[in-house]
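Every number for a ligand or one of its atoms is a count from 1 in the order of the listing. Remember, predicted model here, so these are calculated numbers, not experimental data.
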Amino acid sequence: MKLVFLGAPGVGKGTQAELLCRDRGWTHISTGEILRDAVTRKTPLGRRAQEVIDRGDLVGDEVMLGLIRETLTGLGEDGFVMDGFPRTPAQAEGLDRLLEDRGEKLDGVLVLTAPDEELTQRLLGRGRNDDTPETVRHRLTVYRENTAPLVTYYEDAGLVRWVDGTGDIGEIQDRIRILLVGGGR
Ligand code: AMP
């Protein structure tokens, strides 16, 4: 199955995607992790992306689409879960094109939700470089302005399934697995 996990920063997309992929033998594609790895290794991409990430802004669509194209190239027919990508309408359209070129398409888009207060608490408890109070606030705004509109884009495609992202990790994972029974559509 080819899935996208959508939701605000801190909602648990990464944790849930990792658990699901481990169970199913799918590939977890986290653009945030790919970028942070590039920053650590001080690659040209990492050097360019670091400031953007630290500010809580978005890395450019062309760069991100190039990254995803590369990632997909190394991938077989097995399933994947994308977490943190796409984040803008241009990325969503680009992803559709990339998949179409491969004769593939998304099976579902899971939208995880949690109240803003809970997101903020989780993010501030995480201790990542870009998890300062100011950056967290900014990233939530960036999510609302750039990424939340993708829900409509994927709703129009009939792909959206909502997941309550509150509660403990196992509980949320159970909700996701129940949703996926029957093909995820
Ligand atoms: P994440 O781990 O998904 O919260 O991503 C951490 C940071 O990496 C984001 O705040 C952005 O600066 C950058 N980033 C990750 N994925 C994307 C994307 N699809 N488009 C633009 N920037 C991204």
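- Using a 4.0 Å cut-off between charged nitrogen and carboxylate oxygen, K2 and D78 do not count as a salt-bridge pair.
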Please tabulate, one line per pair, the protein nitrogen or oxygen atoms found under 3.5 angstrom from a nitrogen or oxygen of ligand 1, with distances to 0.1 Å, or say none if there are no such pairs.
| residue | atom | partner | partner atom | Å |
| --- | --- | --- | --- | --- |
| ligand 1 | 2 (O) | R36 | NH1 | 2.9 |
| ligand 1 | 2 (O) | R36 | NH2 | 3.3 |
| ligand 1 | 2 (O) | R128 | NH1 | 3.4 |
| ligand 1 | 2 (O) | R128 | NH2 | 3.4 |
| ligand 1 | 3 (O) | R87 | NH1 | 3.0 |
| ligand 1 | 3 (O) | R87 | NH2 | 3.2 |
| ligand 1 | 4 (O) | R87 | NH2 | 3.3 |
| ligand 1 | 4 (O) | R128 | NH2 | 3.2 |
| ligand 1 | 12 (O) | D57 | O | 2.6 |
| ligand 1 | 16 (N) | T31 | OG1 | 2.8 |
| ligand 1 | 16 (N) | G84 | O | 3.3 |
| ligand 1 | 16 (N) | R87 | NH1 | 3.0 |
| ligand 1 | 19 (N) | G84 | O | 2.9 |
| ligand 1 | 19 (N) | Q91 | OE1 | 3.0 |
| ligand 1 | 20 (N) | Q91 | NE2 | 3.0 |
| ligand 1 | 22 (N) | V59 | N | 3.1 |

Kindly determine whether F80 and H28 satisfy side chain to side chain contact (heavy atoms under 4.5 Å, CB included), including the steps that lead there. CA-CA 6 Å; F80 62 69; H28 175 199; over 6 Å; no

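- I176 has its side chain within reach of L110: a pair of non-hydrogen atoms, C-beta onward, lies under 4.5 Å apart.
- Each of T132, D57, D130 was compared with H138 under the side chain to side chain contact (heavy atoms under 4.5 Å, CB included) criterion, and only D57 meets it.
- Minimum heavy-atom separation, G79 to W26: O-CB, 3.3 Å.
- No donor-acceptor distance shorter than 3.5 angstrom exists from the side chain of R87 to the backbone of N146, with no hydrogens or angles considered.
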